Amino acid sequence: KRRGGGEPPFQAAGHGASQMMLAIVSSTVSSIIVFLPIVFINKEIRILYIGLALTICFSLLASLWVALTVVPLLASRLSFPVSVSVRRPLKIRTLYRRFISAVLRWRWLAGALVLFLLAAGWQIYNSIPKEFLGTAEAEDFTVFVELPSGAKLEISDQAVAKLEKVLNEVPEIKSVSSRIEKWSSKIYVKLHPLSQRTRSTKDVIDSLRPQVEEIERGFREAFIYFEEPHEVESNEVIVEIYGWNYEILNQLAVEMLKGMQQVPGLTDLKIRWRRGRPEWLVRVDKQKAARHGLSVDDVAQALHAQMRGLRATLYHTEANEVEVVTRLQEADRATLEKLKRLSFTLPDRTVVSLEQIARLEPAIGPSKIWRKNKQRMIQVSANRGRYAFGEAAQKVYGAIQEMPFPEGYYWRFGSNYWKLIQNQKELSFALLLSLALIFLVLASLFESLLQPVIIMAEVPLGAFGAFVTLKMAHIALNVGAL
């Protein structure tokens with residue numbers, strides 16, 4: 001514009017840069033300030049996004065330096081034709097002036113429209129599904145093969161072999177490796193890069209489910225499920241049931257699982273607890289044992305010495321140290337009748353058998369004891385499927401909230417749900433802090449309180465457009481989306 005008015009190139013570039021400097025600096029600093037509240041968000045999000053925030057901030061600072069130095073220099077050195085037509089108003093400027101005149105003329109109607117858009121934006125915000133962290137496309141997943149406690153290794157090997165045959169027929173799968181154990185085996189599946197396949201990881205898993213269910217039916221009490229990387233943290237809705245008796249906990253978990261199965265779209269529903277192995281419980285009659293001068297601890301120690309054995313000595317070689325354990329021969333402890341006739345020698349040389357002071361009862365011993373906050377606990381979990389994490393948690397809550405619990409037993413969501421709630425609170429705080437900092441920066445740059453208010457009045461309307469876009473694109477609200 002100044003070149004068209006006849007001003008020399010060097011002076012025109014300097015005056016133009018000085019006139020635009022305030023607007024350029026304010027927009028750049030406002031953009032940088034947006035990333036400052038990430039310092040106050042939880043550590044997981046901070047680690048995940050701090051690199052992106054620093055990259056954007058340095059890029060904005062570099063662009064500011066170029067805009068205030070390099071661009072004016074090039075404008076003063078380069079020669080280009082200047083048309084006097086720049087003085088004439090453009091057509092788009094005329095349309096903009098007419099629009100502003102219409103808004104000012106019908107300002108009450110325009111204000112009502114703005115309030116309507118704000119209310120609609122709030123409703124759309126509440127309807128957008130929310131999750132803790134955004135999920136990325138993974139190139140691998142794991143297949144878990146769970147069999148009843150006590151299952152033989154050969155049975156696990158047969159189940160894994162059938163699954164490997166099915167997996168090797170899928171064209172998107174690059175490699176398959178397995179780890180076979182007696183009760184719980186794992187199959188690690190590696191996919192081709194996304195650029196070399198047409199289906200996503202979830203589509204591949206969904207296509208495998210019918211064949212996996214067919215294999216499940218071929219093995220007694222088998223359960224096969226899929227798990228993607230970091231799925232427990234971001235993709236699984238976990239419900240924790242607290243109490244003391246594991247039999248009651250298991251019954252409650254089964255009932256809760258039935259309720260969660262009524263929610264369509266959830267996949268890989270499972271109880272994260274394995275039933276114990278059969279065992280024989282030695283119940284000592286304290287009165288009979290006391291007549292012979294024995295306590296429960298004496299009986300337990302003697303049984304341990306005869307069955308498991310005690311270290312008698314260490315045998316040393318040139319490079320090794322071998323533990324020598326003394327215990328009964330296997331033939332003397334192989335059957336239940338042999339166990340009943342195990343003997344205890346008293347200080348007076350009297351011999352007492354186990355069946356004289358105790359009785360043996362069949363029982364089920366827990367395979368694992370889970371405690372959280374010093375309380376026993378069983379977990380029931382479900383893959384969120386196509387739902388966002390927050391939406392899946394709400395559906396699960398609706399399915400199980402009316403379930404009755406005996407006294408002393410209760411349930412709550414797992415830690416990843418509470419991370420989602422905490423994440424929403426921290427994001428709200430970060431958003432308000434960003435707006436406050438931007439207002440302070442604009443007020444200091446413009447030396448006015450009214451102009452920043454006018455500029456920031458467009459933020460709610462911009463948020464309306466962002467929420468509409470997220471809703472139409474079916475994108476959940478998370479840190480990445482913000």
Side-chain angles (χ1 to χ4, degrees), residues 35 38 44-60 62-63 128-145 160-179 185-215 224-237 265-268 382-392 416 420 423 465-482:
F35 294 97
I38 200 172
E44 291 178 328
I45 297 179
R46 189 163 64 247
I47 292 176
L48 188 61
Y49 290 101
I50 191 66
L52 176 63
L54 291 176
T55 301
I56 295 177
C57 289
F58 283 122
S59 300
L60 291 172
S63 66
I128 295 176
K130 301 169 182 67
E131 59 188 13
F132 176 50
L133 294 174
T135 55
E137 176 68 18
E139 294 185 356
D140 58 342
F141 62 88
T142 305
V143 185
F144 288 81
V145 184
V160 171
K162 291 186 177 182
L163 282 170
E164 287 178 337
K165 183 178 179 181
V166 171
L167 294 171
N168 287 326
E169 295 176 354
V170 179
E172 288 84 0
I173 294 179
K174 181 179 180 180
S175 62
V176 176
S177 59
S178 305
R179 179 181 177 181
S185 302
K186 302 179 183 67
I187 304 177
Y188 303 98
V189 181
K190 182 72 175 179
L191 300 176
H192 289 288
L194 187 60
S195 58
Q196 300 178 16
R197 50 189 168 96
T198 57
R199 294 189 296 178
S200 65
T201 303
K202 288 190 178 296
D203 291 335
V204 172
I205 292 176
D206 290 341
S207 68
L208 290 169
R209 293 190 189 278
Q211 302 176 68
V212 168
E213 292 174 358
E214 185 68 26
I215 295 175
I224 304 173
Y225 63 95
F226 301 86
E227 193 171 283
E228 298 180 49
H230 309 293
E231 184 168 283
V232 174
E233 182 66 30
S234 60
N235 282 0
E236 284 202 345
V237 180
L266 297 181
T267 60
D268 295 331
N383 188 303
R384 63 186 178 90
R386 302 290 178 175
Y387 296 118
F389 183 86
E391 185 179 5
N416 54 351
L420 170 67
N423 179 51
F467 294 152
V468 171
T469 303
L470 291 175
K471 185 68 174 180
M472 294 178 62
H474 303 287
I475 298 176
L477 187 63
N478 53 54
V479 180
L482 291 177

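It should be emphasised that the depicted structure is a prediction, and the values quoted were computed from it without experimental measurement. In this chain, numbering begins with 1 at the start of the sequence shown.
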- Item | Any residue meeting side-chain contact (heavy atoms from CB on, under 4.5 Å) with P210, in chain and number order, not counting sequence neighbours | none
- Query: side chain to side chain contact (heavy atoms under 4.5 Å, CB included) between I215 and L163: does it pass, once the steps are laid out?
  - Reply: CA-CA 8 Å; I215 295 175; L163 282 170; 3.6 Å; yes
- Query: What residues form a side-chain contact (heavy atoms from CB on, under 4.5 Å) with E213, not counting sequence neighbours?
  - Reply: E216, R217
- Applying side chain to side chain donor-acceptor pair (under 3.5 Å) to S178 and not counting sequence neighbours gives E164
- Task: Take D268 and F226 through the side chain to side chain contact (heavy atoms under 4.5 Å, CB included) test and state the conclusion after the steps.
- Result: CA-CA 7 Å; D268 295 331; F226 301 86; 3.9 Å; yes
- Message: Going by the rule ring pair (Phe, Tyr, Trp, His ring centres under 6.0 Å), which residues pair with F144 if we only count those two or more places apart in sequence or in a different chain?
- Response: Y225
- Please step through side chain to side chain contact (heavy atoms under 4.5 Å, CB included) for the pair K162 and E214, ending with a clear verdict. CA-CA 10 Å; K162 291 186 177 182; E214 185 68 26; over 6 Å; no
- Query: Who are the side chain to side chain donor-acceptor pair (under 3.5 Å) partners of D203, not counting sequence neighbours?
  - Reply: S200, R386
- Which residues pass the side chain to side chain donor-acceptor pair (under 3.5 Å) test with S207, sequence neighbours left out? R199
- Message: The test is side chain to side chain contact (heavy atoms under 4.5 Å, CB included); show your working for E227 and E236 and say whether it passes.
- Response: CA-CA 9 Å; E227 193 171 283; E236 284 202 345; 4.1 Å; yes
- Note on the structure: d(S175 OG, D140 CG) to nearest 0.5 Å is 9.0 Å
- Message: Are E172 and T198 packed together at the side-chain level, in the sense that at least one heavy-atom pair is separated by less than 4.5 angstrom?
- Response: yes
- Query: Just wondering, do R197 and K174 contact through their side chains at under 4.5 Å, heavy atoms?
  - Reply: no
- Task: Sort out for me which residue in V160, L167, V143, V166 forms a side chain to side chain contact (heavy atoms under 4.5 Å, CB included) with V176.
- Result: L167
- Task: Could you pull out all residues at least two apart from T267 that satisfy side-chain contact (heavy atoms from CB on, under 4.5 Å)?
- Result: R209, N383
- Can you tell me how far the NZ atom of K165 sits from the CD atom of Q211, to the nearest 0.5 Å? 11.0 Å
- Query: Quick one: side-chain contact (heavy atoms from CB on, under 4.5 Å) partners of A392, sequence neighbours excluded?
  - Reply: V237, L266, R384, Y387
